Colleague: 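Before we start, here is the structure in question, set down as structure tokens.
Fair warning: this is a prediction, and the values are worked out from it, not measured in the lab.
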Amino acid sequence: LNLALSTKADVKDLDGNPDVTYTLSVSTKSNISDDHIFNIKSEVKKWLTTKINVFGLYKHEYYNEKEDFQFKVGLGVKL
């Protein structure tokens, strides 16, 4: 069983160029017997130019009562 929900929002500046991008994703996977995985992922990008952004990423995963999470901050380049 796999279920997922994802949404994205783009905010543009006055010139119509991308300014801020928000992404949120929630998913769950299960084999109905033993293994159950639940993921939450969120990302925010602040565009400095049309090809360069600064981003923050949050990822949280639950796997059979264990949890793992990540935070990332970085510089992105759109090719």
Side-chain angles (χ1 to χ4, degrees):
L1 174 68
N2 293 330
L3 296 171
L5 175 66
S6 180
T7 186
K8 181 178 178 180
D10 289 315
V11 178
K12 299 191 181 229
D13 63 11
L14 296 175
D15 296 327
N17 297 319
D19 187 33
V20 178
T21 303
Y22 303 98
T23 307
L24 176 64
S25 173
V26 178
S27 67
T28 184
K29 297 177 186 175
S30 177
N31 65 1
I32 310 294
S33 60
D34 296 330
D35 299 322
H36 309 288
I37 302 169
F38 184 72
N39 291 306
I40 301 171
K41 183 178 176 183
S42 177
E43 184 177 29
V44 176
K45 293 180 184 176
K46 170 62 177 157
W47 292 92
L48 304 176
T49 69
T50 57
K51 296 199 180 238
I52 298 173
N53 66 66
V54 175
F55 68 88
L57 174 77
Y58 168 74
K59 184 176 179 182
H60 207 128
E61 179 175 285
Y62 298 92
Y63 179 78
N64 292 341
E65 306 290 329
K66 298 176 187 171
E67 67 180 298
D68 181 41
F69 60 91
Q70 297 177 3
F71 296 99
K72 294 181 183 179
V73 177
L75 184 67
V77 177
K78 185 177 181 181
L79 301 175

Colleague: Just verifying a value: how many Å separate Phe69 CZ and Ile40 CD1, rounded to the nearest 0.5 Å?
Modeller: 12.5 Å
Colleague: Got Thr28 and His36 here, is their nearest side-chain heavy-atom distance under 4.5 Å?
Modeller: no
Colleague: CZ of Phe71: more than 12 outside heavy atoms within 6.0 angstrom?
Modeller: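 Count over threshold, so yes.
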Colleague: Between Ser6 and Val26, is there a donor-acceptor pair closer than 3.5 Å when you use the side chain of the first and the backbone of the second?
Modeller: no
Colleague: Tell me whether Asp13 contacts the main-chain N or O of Asp15 through its side chain, where contact means a donor paired with an acceptor under 3.5 Å.
Modeller: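 Answer holds: yes.
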Colleague: Less than 4.5 Å apart, side chain to side chain, heavy atoms only: is that true for Asn64 and Asp34?
Modeller: no
Colleague: Could you check if a side-chain atom of Thr23 sits within less than 4.5 angstrom of a side-chain atom of Lys41, using non-hydrogen atoms only?
Modeller: no
Colleague: For the atom pair NZ (Lys78) and OG1 (Thr50), what is the distance rounded to the nearest 0.5 Å?
Modeller: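 Reported value, rounded in 0.5 Å steps: 7.5 Å.
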Colleague: Going from CD on Gln70 to OH on Tyr58, what distance comes out if it is rounded to the nearest 0.5 angstrom?
Modeller: 10.5 Å
Colleague: Could you give the distance from OH (Tyr63) to CG (Asn39), rounded to the nearest 0.5 Å?
Modeller: 11.5 Å
Colleague: Say whether Trp47 and Val54 are linked into one hydrophobic cluster, either directly or through other cluster members, by side-chain heavy-atom distances under 4.5 angstrom.
Modeller: no
Colleague: If you define the side chain from C-beta out and look only at heavy atoms, does anything of Lys46 sit under 4.5 Å from Asp19?
Modeller: yes
Colleague: Determine whether Val11 and Val44 fall in the same hydrophobic cluster, where Ile, Leu, Val, Met, Phe, Trp and Tyr are linked whenever their side-chain heavy atoms lie under 4.5 Å apart.
Modeller: yes
Colleague: Any chance you could measure Asn31, atom CG, to Ile37, atom CD1, to the nearest 0.5 Å?
Modeller: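 Taking CG in Asn31 and CD1 in Ile37, the distance rounds to 8.5 Å.
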Colleague: Measuring from atom NZ of Lys45 to atom CG of Leu57, what distance do you get when rounded to the nearest 0.5 angstrom?
Modeller: 10.0 Å
